[in-house]
Amino acid sequence: MAEKPVADMTFEEAMAALEQVVGALEKGDVPLDQSIALYERGAALKAHCAGKLKDAEAKVELIRAAEGRAVGTVPAEGM
Amino acid sequence: MSDLFEDATPPGNAPEYTVSELSGAVKRVIEGEFGLVRVRGEVGRVSKPSSGHLYFDLKDDRSVIAAISWKGQVAKMQVRPEEGMEVIATGRMTTFPGQSKYQIIVEDVQLAGAGALMALLEKRRVALAAEGLFDAARKKAIPFLPGVIGVVTSPSGAVIRDILHRLADRFPRHVLIWPVAVQGANCAAEVAAAIRGFNALAPGGPVPRPDLIIVARGGGSLEDLWGFNEEIVVRAAADSAIPLISAVGHETDTTLIDFASDRRAPTPTAAAEMAVPVRMDLLAALDGQGARLSRGVAQAVGLRGQRLRDLARALPRLDALTQGPAQRFDLWSGRLGGALGVAVARKRGRLDPLAALLRPRMLADLAARGRERLADRARLLEAAETRRSARAAERLHGLAARLAPALSRLLADATRQTARDRAALLALEARLDAAPAQRLAVLAGRLDALERMRQTLGYAETLRRGYAVVRGDGAVVTTKAAAERAQALEVEFADGRLALGARPARRRKADDAPGQGSLL
């Protein structure tokens, strides 16, 4: 698989990679030392995904536009 | 009427109008008669000069009426007349005297019924689809988990609240709302500008660029939603580089932006559901994957452990492995002793016939033949040696014969040489004896001559002639002063010395002085 650094992955990529790792491990035909490496990769992917899920803060802003361009934002109150 | 014209043919007293008077009279009649009319017809040729006024024709199958909308009226229109539209125009009739024209000033245009509006929509959709704006290939995938979501909608109302609530339920996100009018004359322009505005944001700028855009509006009449059918909105949605979800009206309402968007949501709430996954589901899925991961690696290790144990059990015992070879070894080592005996016997069988041939007489014959050959060689050697000795003796005799004369010659030469040498020696001896006597005679002669000269030159001879030498105190005195100082003087004559003065002889130096003095 393309070895994109885990930190650069989107949630979806990391999740797909994790599923692949789990699948490979469960198939049980990987050499033992590789399965340890796979496990470590899986753990890193899981941590990355968990970080993305944790990062779930609601923030609502209104765009201030001037001549069709967004020039700034103001917090949206009462929504 | 014909009667009237016939009557008027001859010059009568009917009043004469100027053209302007007549035009003005007509204008008044028309404006008075048709103060406010509604007319239904199809829009014909439309032109919009830079003045901003709108000129168009209203027509049916037989007649045409020119229509004008002034700039201010155009701005307020919900529906802009387009060629081919079936409309109901509301306005006032008037004339344009400059061209002998009558026309209608249209204040408002409405589409002539829902059917007509739908027909227009369909016509526009077909045209835009022909351009490829709705192609499936243009559709972009909606990101699985967008970080920032841009929402183009009215900031007030239920729509944005529905969206925000549903987002918060599923997966709270950063939402940027671009406020727009969702109906009315400005709707289309604002929505298009908002879509383009979101796309114009640079990644990493002060205002974050959304990963997803939702264009949303609640339900309404076809006319209310009309702005989302406008070409500028459709084109902006189609051009959007950011994936776009449209959620305009209710499920049954279809607007053209729905065709151009990457996904169409039946309601704003559904748009929020399309936009983000459910966080809890993801967490559960992730936990599930984590558990499977741990189980997987444990299983990988466990399976191998089991396999190892199984194999270890299947591994045969060591002695079982060696039994076979040991037996083979025993077999072959047992046969080894016998095999050696057999091999020796076989070799001996080959040796014996050869040994039989090896008898002593054979050896004696061999020796006799050798001896014979040796004697031959010895004889040959002897003869050769004798010849060689004879030759040597011969040469020796020759040399000996030459030796005696040579020797006597040598002896005679030596004798002669000795005689010569002896004669030379005698001569030299004679010369040697004579030489010192001659030398002595010469030297004696020279000595006599020198003695004579000495006696001539010495003062003794002078004394003999009558001179004397005065000495005072041992030294010769030559002056009177010296003689007076001397203690004693001594005068020497040719026949001896005479001491003078009272001084005892022991002061001999004083004795000389008077002698000297008297001399002078």
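First the proteins, then the strands, lettered A, B, ... as listed; each starts at 1. This structure is a prediction, so every number in the text was calculated from the model and none was measured.
- With chain B as partner, the option from A:Leu25, A:Val71, A:Leu53 having the largest number of non-hydrogen pairs under 4.5 angstrom is A:Leu53.
- Two residues are said to be in side-chain contact when any heavy atoms from C-beta on lie closer than 4.5 Å; A:Glu19 and B:Arg292 fail this criterion.
- Proximity to chain A is limited to the side chain of B:Val207, based on heavy atoms less than 4.5 angstrom apart.
- Looking only at heavy-atom pairs under 4.5 Å with chain B, the residue among A:Leu18, A:Leu45, A:Thr73 that has the most is A:Leu18.
- For B:Ala189, no part lies near chain A; criterion is any non-hydrogen pair under 4.5 Å.
- Listed by first and then second residue, the ring pair (Phe, Tyr, Trp, His ring centres under 6.0 Å) pairs involving residues 11-61 of chain A are A:Phe11-B:Phe144 (not counting sequence neighbours).
- For residues 230-248 of chain B, the salt bridge (Lys or Arg N to Asp or Glu O under 4.0 Å) pairs, not counting sequence neighbours, are B:Arg124-B:Glu230, B:Glu131-B:Arg235, B:Arg138-B:Asp239, B:Arg196-B:Asp239, B:Glu231-B:Arg235.
- Both the backbone and the side chain of A:Ser35 come within less than 4.5 Å of a heavy atom of chain B.
- B:Arg173 places none of its side-chain heavy atoms less than 4.5 Å from the side chain of A:Lys59.
- Residue B:Leu145 touches chain A through its side chain alone, counting heavy-atom pairs closer than 4.5 Å.
- Side-chain contact check for A:Leu38 versus B:Val297: every heavy-atom pair is 4.5 Å or farther apart.
- Residues B:Phe198 and A:Ile63 form a side-chain contact, since some pair of their non-hydrogen atoms from C-beta on lies under 4.5 Å apart.
- Looking at B:Leu201, only its side chain comes within 4.5 Å of chain A, counting heavy atoms on both sides.
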